[in-house]
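The structure appears below as structure tokens.
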Amino acid sequence: MKEPHILSAFDRDLEAVQAYVLRMGGLVEQALLDAAEALETRDEALAQKVQQGDKAIDALEEQINEECARLLALRSPTAGDLRTVLSVMRIAAALERCGDYAKNLAKRSLLLSNMSPLGGTSASILRMARTVVLRLKEALDAYIAHDVAVAQDVRTRDKEVDQMYNSMFRELLTHMMEDPRNISAAMHLHFIAKNIERVGDHATSIAEQVIYLATGAMPGDERPKAEMLSGAEPAAGR
Amino acid sequence: MTDMSAGGPDIRPAGKESSLLAGSARTRARNAREWRMKAYGIGAIVLSLSTLFFMLATILMDGVSAFRQATISFPLTVDAAIVDKAGNRNPEEMAKVTTIGYKRLLAQGFVAHLAAEGIDTAGVPEKDLVDMLSDDGPARLRDMVLADPSLVGQVVEVSVYATGRIDGYLKGRVTRETAERDTNVTPEQLDLADNLVAAGLLTMPFNWGFLTGPDASDLRPEASGLGVAIIGSLYMMVMVALFTVPVGVAASIYLEEFAPKNRLTDLIEVNISNLAAVPSIVFGILGLAIFINFMGLPQSSSLVGALVISLMTLPTIIIATRAAIRAVPPSIRDAAMGVGASKMQVVFHHVLPLAMPGIMTGTILGLASALGETAPLLLIGMVAFVTNYPAGPLEGGVMDPATALPVQVYSWASRSDPAFIERSSGAIIVLLVFLVIMNVAAILLRRRFERRW
Amino acid sequence: MMDDMRLVERDVTQLQAKIEAKGVQVHYGEKHALKDVDVTILDRTVTAFIGPSGCGKSTFLRCLNRMNDTVASARVSGKITLDGQDIYDPRVDPVQLRAKVGMVFQKPNPFPKSIYDNVAYGPKIHGLARGKAELDAIVESSLKKAALWNEVKDRLDASGTGLSGGQQQRLCIARAIATSPEVLLMDEPCSALDPIATAQVEELIDELRSQFSVVIVTHSMQQAARVSQKTAFFHLGNLVEYGETGQIFTTPKDPRTEAYITGRIG
């Protein structure tokens with residue numbers, strides 16, 4: 001990476017907070033995959049494990065915040081070091097949200113396990129979750145490597161998740177229109193899909209942090225979006 | 001709070017255009033004052049330099065001639081009939097012949113040689129002819145023969161000082177007009193001197209005798225020299241250095257590093273400073289009272305001189321040494337204390353080596369000023385007329401009567417014969433050369449030691 | 001794991017007390033410079049003293065190796081123990097104490113001697129080395145500990161004053177650790193150095209922590225934050241707050257500490 005600091009303790013501190021973030025990223029990725037898996041396989045134990053696991057993620061975030069505050073107070077980082085600390089804090093916040101979504105997914109999967117399955121939707125959810133986790137992983141890898149190209153790629157490919165969400169939305173709408181008894185399950189599944197789509201957005205914002213970290217500026221161009229706002233297109237079909 | 005810094009009265013003079021290119025009246029006045037101050041300084045330096053130059057020029061003009069002396073050289077047969085009547089070359093019997101005999105021998109040889117050379121001695125009676133030779137000559141000839149009795153009967157080449165008047169004539173001090181009024185010299189003798197110069201008998205060689213010879217009486221200024229004074233000054237300087245450096249450095253170290261700060265040490269400090277300002281003649285009286293009257297040390301001896309000068313120099317050396325010790329940065333002391341050095345180790349490992357250049361410079365300058373000191377030496381009798389060299393330092397020479405360079409200057413300057421004026425200026429030149437050597441030594445030592453660190 | 005290591009590194013609760021000060025008061029003549037200070041300085045820890053000028057932090061530091069003894073007007077009362085032994089006991093020779101409690105000063109002050117002699121001086125006067133070979137070994141290891149060896153190993157005979165400021169200060173540190181002290185006192189060791197040299201000295205201090213207990217007085221709060229594990233804040237001769245450095249700089253308990261470290265009182 002870069003030249004080490006003369007004061008090696010500074011490097012150790014910086015590496016430590018970044019290691020926390022990566023560990024947190026790993027936990028969040030696993031939680032998301034487990035939750036989607038639990039939904040697909042109706043595995044209540046796994047869903048409960050995910051719910052429990054969120055505490056660890058929250059604790060990690062708190063610890064990262066504390067470490068960053070310490071780092072800011074004790075080492076007064078500047079330039080790239082300052083951006084590192086700031087991006088670590090923002091990434092940690094994003095990951096914490098993702099962790100919450102995973103927890104929410106697990107909670108809803110527990111509810112859904114008592115309802116009849118809705119066609120192949122849970123498999124789609126799992127696919128969507130996998131795609132999102134891949135984005136998240138790529139974003140964190142880009143963060144480790146300070147790789148702007150990969151981060152840019154993550155940003156542009158957020159469209160894919162948005163499109164998956166859109167098709168999911170239509171599918172659920174169809175189910176609800178077919179049989180009003182499906183509405184409850186479909187609503188849960190919709191929230192799940194929406195949350196996973198949100199995780200994709202967080203992955204994008206992590207990628208943006210990578211660009212900020214590497215270049216010192218947030219990407220200026222409008223972030224590519226394929227998600228329909230206020231349900232414009234499906235509403236037309238209604 | 002914040003509007004305070006923004007507000008405040010406008011201090012720029014209202015309505016006045018201030019251009020950077022046109023200086024204001026204030027600035028011009030200030031620059032003029034600065035220029036005047038500089039001019040005063042330059043004036044002061046020019047004044048002191050020209051005074052110094054004038055002084056040195058006068059001394060050099062008066063004194064340089066003292067290093068050359070009119071000398072008459074001629075061959076001479078050492079007549080055994082005069083110097084060795086018994087004819088047995090026995091030095092003890094030969095020693096019975098006084099300088100009067102040798103004077104006759106010298107006169108005889110001189111007249112014979114003049115006749116042989118065919119130099120016109122018209123108008124100069126033989127007595128005047130012989131009087132042109134210094135009274136110092138027979139004594140020297142006697143010493144020569146007694147030292148080497150084999151010379152008896154041989155022809156030897158002798159060089160004899162001409163008398164002070166002839167010397168003065170060759171140096172332009174004596175003219176025919178003054179010679180007419182002078183009982184010691186006649187114009188005819190001066191004519192003869194011219195002839196002798198033409199014949200190459202009378203020359204002006206460098207006069208080593210001026211540096212090595214003892215003092216001589218008013219009757220023969222041409223023979224007087226600085227030998228005794230130089231030895232006396234040398235003895236004194238060595239003794240002063242031996243007395244003052246250990247005492248002065250020890251006292252300074254104690255006062256600077258160990259002494260508690262209280263009224264007693266304050267009093268001592270004030271007294272040391274005051275002692276340095278006490279007129280030197282007072283030390284002379286002190287020396288006379290203590291060393292000569294009370295302790296019974298011999299008068300005029302270089303030992304007593306050195307003791308008196310030591311008393312006088314000690315305060316200077318203590319002040320210089322203390323200043324040098326104080327100039328050692330405290331951080332060095334802290335550093336040494338910090339690694340656990342004791343007070344002694346701090347002083348001897350760090351403070352003294354660092355202060356050494358300063359101590360040595362101060363000491364040498366103190367010695368240099370002591371070298372030029374006259375007044376106290378007058379009081380302890382070192383102004384005496386001393387014609388015998390003091391013995392070597394190990395044979396108790398420090399107890400022998402001696403004189404010192406500045407005292408010699410003083411005593412020559414007070415004699416009547418004008419030849420001594422030239423010699424006292426010459427002595428001043430010698431003294432100045434010694435002072436310059438000491439100062440240069442001080443500078444070199446300081447440089448050398450400073451470079452080491 | 002990296003992060004766990006940081007926690008262990010910062011955990012000072014397990015360490016033993018090296019110096020304990022109880023009710024220390026210092027008067028300079030009429031001036032009451034230090035009022036009733038209680039501090040426990042831990043072994044293998046960097047303890048920083050911060051505070052405005054004239055707050056007594058340097059005074060207290062100088063009590064710890066009795067450098068105040070050299071100031072005639074200073075009077076010290078209270079009790080300071082090093083490993084349980086009272087250092088102000090009349091039987092204690094300050095010279096011996098200073099070999100155990102080394103000191104580095106504000107301005108780099110190498111002796112105007114060779115680099116080798118600078119480092120060898122302490123061991124020589126304390127008779128720590130038998131023979132030249134042993135002395136050489138001490139000099140080498142001290143210079144290595146002070147991270148100076150590689151820069152000066154080819155010119156040990158060169159004058160210590162010819163080094164750069166940062167090198168001089170590291171030479172002074174080498175000189176101080178050559179007597180194998182147990183505590184190293186540093187009185188604003190970086191105030192005369194440029195930022196790079198400062199960083200080098202700070203890094204060195206961090207490394208020295210594995211062997212010595214380091215007490216550092218500093219004007220720079222940032223420096224205290226960077227190098228120390230424990231920080232003591234002095235104000236007007238009082239010890240206002242003493243605690244873990246991160247805690248002092250993020251959540252100080254005393255409003256005066258907060259005001260000082262945020263730049264509201266000087």
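Here is how names work: the chains are called A, B, and so on, in the same order as the sequence lines, proteins then strands, and each is numbered from 1. All values below come from the heavy atoms of this structure, side chains included, with hydrogens, waters and symmetry mates left out.
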Interface residue of largest heavy-atom contact number with chain C, from B/Arg333, B/Lys343, B/Met337, under 4.5 Å: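 Winner by heavy-atom pair count: B/Met337.
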Inspect the surroundings of NZ in B/Lys261 and state if more than 12 heavy atoms from other residues, nucleotides or ligands are less than 6.0 Å away.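 Yes, because the 6.0 Å sphere around NZ of B/Lys261 holds more than 12 heavy atoms from other groups.
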Should the heavy atoms of other residues, nucleotides or ligands under 6.0 Å from CD of C/Gln211 be counted, would the total exceed 12?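 Correct, the count exceeds 12.
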Please classify the contact between [X] and chain B as side chain, backbone, both or neither, with a heavy-atom cut-off of under 4.5 Å.
X	answer
C/Pro110	backbone
C/Arg66	neither
C/Phe105	side chain

Walk me through whether C/Phe49 and C/His219 qualify under ring pair (Phe, Tyr, Trp, His ring centres under 6.0 Å). CA-CA 9 Å; C/Phe49 292 171; C/His219 269 312; over 10 Å; no
Within the 4.5 Å heavy-atom criterion, are C/Lys100 and C/Gln96 side-chain neighbours or not?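 SC-SC contact between C/Lys100 and C/Gln96 ruled out.
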